[in-house]
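So the structure is just underneath, and the comments pick up after that.
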Amino acid sequence: MNTRLLATTALLLLLGVPASAHRLDEYLQATIISVEKDRVQASMRLIPGVAVSSIVLASLDTNGDGVISEAEQRTYAESVLRDLSLRVDGKSASPTLVSEKFPAIEEIKEGLGEIQIQFTVDLALGGPERRIIFENHHQNAISAYLVNCLVPRDPNIKILTQNRNESQSFYQLDYSQASIGSDPVTVKGWSTIRGRMGSVGFASIFRLGMWHIAEGTDHLLFLLTLLLPAPLLVLGSRWAGFAGVRLSVFQTLRVVTAFTIGHSITLALAALGLVRVPSRPIEVLIAVSIFLSALHAIRPLFPGREAGIAAFFGLIHGLAFAVTLAELGLGRSERVASILAFNLGIETMQLIVVAATMPSLVLLSGARAYCVLRIGGALFAGFASAGWIAERMLYVHNPVDAVVGSVVHHAVWLAGVLFLISLVCWSLPNVLDRRTPQPDRYPDRHSSAPDVRTVADLLSAGNAQCMFPSRSE
Amino acid sequence: MSVLSMRTTRGGLALALICSSLTIARAQTATTRIVSAANTFLSTLDQKQRQNVLFAFDDEKQRTRWSNLPTSLVLRAGVNLKEMSAAQRSAALALVSSALSRRGFEKVEQIMEGDEVLKIKEGNNSIFGKDLYYISILGKPSEKDPWMLQFGGHHLALNITIAGERGVLTPTLTGVQPALYSMDGKTVRPLGQESDKALALLNALDDTQRKQAILSYRLADLVLGPGQDGKTIEPEGLKASAMNERQRAMLLDLISEWADIIHESAATVRMTELKADINETWFAWSGPTTATPGNSITAYYRVQGPHLVIEYAPQRLGGDPSMHVHTMYRDPTNDYGRRLTAK
């Protein structure tokens, strides 16, 4: 640091700029967050130090004409927002640019320019205890961050805790929001749903349920990871070949149904106020459930008992669903209907996702390549859940949210590509090893050294499914 | 806040007002003194200078035209000492001095002197110097109607609102570089008390209290520096309600380094208000918890209460953070005396 400081000071002296006036070798990025009932407003001040201004200017005045055009301003502001990672109650949220203001290029060169960016994040309906995670990765090699939140103007909102990492690039805000159902006039979103409960209400809560699971990546990741080995047979302590279409469909239905029964029970219990559980341990347990199913997808931990596991963790996932529903502040009669609507929404979206992915898995599961997908998927889920456990339990900030968020962002494309690949594999007999379920053949195969080895083999030595038969067979 | 403490505050304020007005009534009131100093100063100016010095009381642009930066980098308005004749200059400084306590004015002089030291150190760089400080008056100097006196330049921004007998110093910025210099064979530390008293308070805390007071993250600069008027951030650190009587007294003594810059009668009112708030006041620290004896701390700290934000932010610029500091003194509920002057 000292040599860097010396170097920049020397640079400044060369440039004839006094070393005692302005920001020097840091890009100061100060964010002030203001939480309102249905949105977060944030204002960022970005001040490049004189020694790093050229780095910032390079991405600001992209055509290098010495002027920051309006288009360049907009592009830069958007790029700053892209470098942020925002999560609200565990779901990734995207900021909307409200305004941007740029100083003259000369001011930036002198380390005096202050860029101002304002953005908002719409808040979906949430529980009484909410969490916002704000991460700033913009120019992190040269930046110094500051993040603070204003004392909320809304008397119903109380800040509970603020957690940051040392550099303040990671900021976590926990706050409580008093039951908004008690004051329907001030809460527009909820009051509309409440008001329409008679006619449209069912539909909007149904949609809320669908939206909730589509955005709640952790719930789907658990289910999909658990379904990864569904089309496979077990051989000893390893995953073996394709179990056949009928068995695969049966296994899938069992897991999905068990998960549904599990989360329906706790969702109903919690939403009716019969069970109360703090949200943080639930979030941790959900991450643990993903981690276990990832391990199971690599090597069978609980073969044949997937349905039981799905039901058990379904109970925990249901408690998380209930947090969203709890804030409806509905009367007793409405509550039963809304639980039903919300749950149906969840089931529908869940079925859509299963229907979009399972055929590909079944088609692929006979192929040699399937173990790559299974192990790769399991590793992804494993890393994601480990990241979530670290974050939710120990406040260790990590890029898992951002990574999972960007994967989910392309979910439809990914599902399409996966289906295409599975069709190709299905139609090419060379790629596809159409093994019929004959477990007794495998021990022999295992003893003969396989001559086809893949990266996945090395990754997961000991997976029977990845021990491919030799080509001569 | 409970009804009782509201009452205590009001009672205290009233008492302080009565006391201060009684003291002042014996001689001349502070406001009378300041107004007459202002009129004397204005009478020394020519037509053009007077035009440059005077602004409308509600001129928001001029109110917020202050910074920690040198005056050539962030342009100030008004008239600077350099452009004045000797008589004008002494009238200007007499006006500033009339609005401040003795120690307050001394602090201001030492900050300006520090900029002169910096100028010489930087090879006589013309962007620094003790004559590059600007004075401006918003509204008409009056004993009844509110008006403002501003004085500032590099590392200094005094925003003094006078409303009848009340005087408000928020928002005010003090800073200095170098934070330690010798003058006529004596060591001068313009903001040394701000550093030493804070460190003494930190050292007076027990382990549990320290854990709460010391933040786990780095603060590179002021959070509520220039341009950040009226913002109340969520307080952090150790709440004074968890301090003992002696620690609370130390905290108040630390606060007085800013609150007592203004003239005595206004400072008494202000300290009474801050004393009433003390249990709702927070102390937060970030950075090294020791300092080289005789030198200033290199840590950031913040004191925040319902009517107060104090920030002390050492600056890396210049190489040694103990030698360069910016501080901010605010009342987010009373920027430029808005609470007194709101209609």
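Just so it is clear: chains get the letters A, B, ... in the order the sequence lines come, proteins before strands, and each one is counted from 1.
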A:Leu28 versus B:Ala220, closest heavy-atom pair with distance:
CD1-CB, 4.0 Å
Min side-chain heavy-atom separation A:Leu112-B:Leu69 under 4.5 Å
yes
Could you please spell out the steps behind the side-chain contact (heavy atoms from CB on, under 4.5 Å) verdict for B:Glu236 and A:Asn148?
CA-CA 10 Å; B:Glu236 289 179 277; A:Asn148 283 87; 3.9 Å; yes
Closest contact, heavy atoms only, B:Arg218 versus A:Gln168
O-NE2, 2.8 Å
Shortest non-hydrogen separation from A:Asp25 to B:Arg316 and the atoms involved
OD1-NH2, 2.6 Å
How far does CG of A:Asn165 sit from OG of B:Ser216, to the nearest 0.5 angstrom?
8.5 Å
A:Arg280, CZ atom: more than 12 neighbouring heavy atoms under 6.0 Å:
yes
What is the distance from atom CG of B:Leu215 to atom CD of A:Glu166, rounded to the nearest 0.5 Å?
11.5 Å
Can you tell which part of A:Ile33 gets under 4.5 Å to a heavy atom of chain B, answering side chain, backbone, both or neither?
neither
For A:Leu146, is it the side chain, the backbone, both, or neither that has a heavy atom closer than 4.5 Å to a heavy atom of chain B?
side chain
Take atom CD in A:Glu70; do more than 12 heavy atoms of anything else shown fall under 6.0 Å from it?
no
What do the steps show when you test A:Val151 against B:Ile233 for side-chain contact (heavy atoms from CB on, under 4.5 Å), and what is the final call?
CA-CA 5 Å; A:Val151 172; B:Ile233 57 170; over 6 Å; no
A:Lys158 and B:Glu234 ion-paired at < 4.0 Å
no
So for B:Leu224, is it side chain, backbone, both, or neither that comes closer than 4.5 Å to the heavy atoms of chain A?
side chain
